[in-house]
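Written below as structure tokens is the structure these notes are about.
All values derive from a computational prediction rather than experimental measurement.
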Amino acid sequence: MNDIPRTTLDPVDWSELRVLGHRMMDDMIDHLAGLRDGPVWRQMPAEVRAAFLAPLPAAGRDAARLYQEFSANIAPYVTGNTHPRFMGWVHGGGNPMAMLADLLAGAMNANCGGRDHVGITVERQVIAWAAEMVGMPATTSGVLLTGSSMANFVAVLCAKFRALGPEGRRNGLGGEKLVAYASSGVHRCVPGALDMVGLGVRALRQIPVDADYRMNIGALRDAIAADRAAGFTPFLIVGTAGTVDVGAIDDLAAIAAIAAGEKIWFHADAAFGALACLSPALKPRLTGIERADSVAFDFHKWAQVSYDAGCVLVRDAALQLATFSQPTNYLAAAGGLAGGQPWPCDLGPDLSRGFRALKVWMTISAYGADAFGAIVDKSCAIASHLAQRVTASTELELAAPAPLNIVCFRVKNFDDARTAQLVVDLQEAGLFAPSTTIIDGRLAIRAAIVNHRTEIADADALVEEVLRLAAKEMG
Ligand SMILES: Cc1ncc(COP(=O)(O)O)c(C=O)c1O
């Protein structure tokens with residue numbers, strides 16, 4: 001009897017699991033409470049990398065030992081975006097309520113692809129809140145996804161459906177020369193989406209930007225006219241609300257007006273910028289987003305929900321359904337558990353989906369929308385302070401304007417190699433994690449203030465450390 005392998009994964013004695021689970025919870029709460037005391041990031045030693053080159057284990061191991069291994073080999077070597085001095089890329093800091101929600105969602109293990117259960121209802125609530133946040137109508141449809149890359153992809157597919165109708169789903173492009181427009185500051189995932197849709201990246205016309213890195217509206221008009229004259233079909237304009245390099249917000253109202261006049265789909269990529277709608281001071285800068293046909297944004301960025309939690313909103317609910325729904329024999333029924341259509345699996349590409357909505361719903365419910373407006377304001381105030389410190393310094397210079405929460409700067413006279421090395425040094429010392437970007441052909445240090453834990457003193461400390469490393473380098 002004892003030789004037969006157990007074929008259930010539940011423990012015989014739940015009390016041991018309970019003790020281990022409580023310990024994990026205590027340790028993770030200590031981890032969040034003590035984030036400032038640790039490094040932002042640590043390089044993984046070779047032996048830790050090697051620990052993850054093991055063959056498939058035939059037999060299981062003791063759970064407490066496994067947790068020791070997590071504590072030694074996993075917890076210390078994660079990205080570091082929970083740390084207040086992580087300023088790289090556009091990473092949210094997460095929050096304690098979302099951490100607990102992840103535990104609850106894990107225990108529920110709901111499949112939110114469809115069926116009539118509360119996971120779908122919670123997701124619809126979250127989508128309605130998101131539409132309210134950006135000022136879209138209550139009838140707006142949407143779905144949670146991994147991130148804005150997928151949300152932009154879903155929006156491109158909806159725009160393509162508007163242009164080609166159901167025929168386009170059956171027969172593909174059918175020789176239509178569809179073209180789209182976005183500013184040259186567009187995130188890489190937008191040309192990526194055109195590639196995945198089968199249009200190719202050259203179908204995206206990248207419109208030059210003005211001195212504030214916003215799309216040149218006159219150039220957009222000219223490009224559309226030139227394309228129509230050359231026999232192309234303009235089908236999509238992407239306005240960016242918060243470009244990834246510098247945080248510029250396109251003139252969304254002007255783009256909305258052009259899109260309406262030209263009968264072109266207007267999509268707003270507001271991956272992090274959408275949250276600025278919750279700041280009464282910043283909201284006017286996003287005027288026009290409420291007129292978008294679709295909006296992509298992330299809860300895992302400025303909304304501080306743990307990864308991953310992207311969202312697409314689509315004004316025309318019927319069109320979103322028509323873009324993705326597929327006839328199936330076995331999925332849906334009129335009532336019972338298989339009722340409750342439309343299902344999320346018919347609003348995007350995923351069939352099986354986790355209970356992402358729970359951590360979003362718990363985060364927004366626990367802290368309230370006003371808290372996120374205040375976090376956005378604080379992030380922008382820190383970025384302005386950092387930009388002022390840079391401008392006031394004789395050794396540093398701004399590489400671009402800092403209109404929102406992103407500051408790109410350099411040590412004067414540093415070439416690209418020295419700038420790159422300085423950022424690597426900051427990261428490897430575990431002190432700060434800014435990233436880099438290229439502005440006007442030259443590398444710049446890029447600090448994006450997204451994490452709710454970052455304070456003014458962290459920006460000051462970054463300036464001091466950059467100046468110290470620069471002085472050391474200059475000898
Ligand atoms: C403007 C913009 N769009 C799209 C994305 C892609 O978002 P995700 O990384 O969630 O896929 C980002 C990421 O930083 C972004 O800043």
Aromatic ring pairing Trp89/His91, orientation class (parallel under 30°, perpendicular over 60°, tilted between): tilted
Using a 4.5 Å cut-off on heavy atoms from C-beta on, say whether the side chain of Ser393 contacts that of Leu467. yes
Is the count of non-hydrogen atoms from other residues, nucleotides or ligands lying under 6.0 Å from Asp30 atom CG greater than 12? yes
Ser279 side, atom OG; Ile375 side, atom CD1 - distance, nearest 0.5 Å: 12.0 Å
Spacing of CG belonging to Leu204 relative to CG belonging to Leu178, to within rounding of 0.5 Å: 12.5 Å
Nearest 0.5 angstrom please: Ile445 CD1 to Ile439 CD1, how far? 12.0 Å
Let me confirm one number: the CG-NZ distance from Asn451 to Lys378, rounded to the nearest 0.5 Å. 8.0 Å
Atom CZ in Arg221, atom CD1 in Ile258: separation rounded to 0.5 Å? 4.0 Å
Do the numbers put Arg410 on top of the ring of Phe414, so that NZ or CZ is under 6.0 Å from the six-membered ring centre and no more than 45° off the axis? no
With a sphere of 6.0 Å drawn around CD of Glu132, does it hold more than 12 non-hydrogen atoms of other residues, nucleotides or ligands? no
Between Arg205 and Asp222, does the salt bridge (Lys or Arg N to Asp or Glu O under 4.0 Å) criterion hold? Intermediate values first, please. CA-CA 11 Å; Arg205 313 307 203 206; Asp222 292 347; over 6 Å; no
Is Arg162 salt-bridged to Asp316, cutoff N-O under 4.0 Å? no
Begin with the C-alpha distance, continue with both residues' side-chain angles, and end with the deciding distance and a verdict on side chain to side chain contact (heavy atoms under 4.5 Å, CB included) for Met99 and Lys359. CA-CA 8 Å; Met99 177 185 84; Lys359 61 191 174 183; over 6 Å; no
Take Glu473 and Val411 through the side chain to side chain contact (heavy atoms under 4.5 Å, CB included) test and state the conclusion after the steps. CA-CA 11 Å; Glu473 166 74 17; Val411 177; over 6 Å; no
Could you go step by step and tell me if Arg442 and Thr419 meet the side chain to side chain contact (heavy atoms under 4.5 Å, CB included) rule? CA-CA 10 Å; Arg442 284 182 58 203; Thr419 304; 5.9 Å; no
Please examine the side chains of Ile255 and Tyr181, heavy atoms only from C-beta on, and report whether any two atoms are closer than 4.5 Å. no
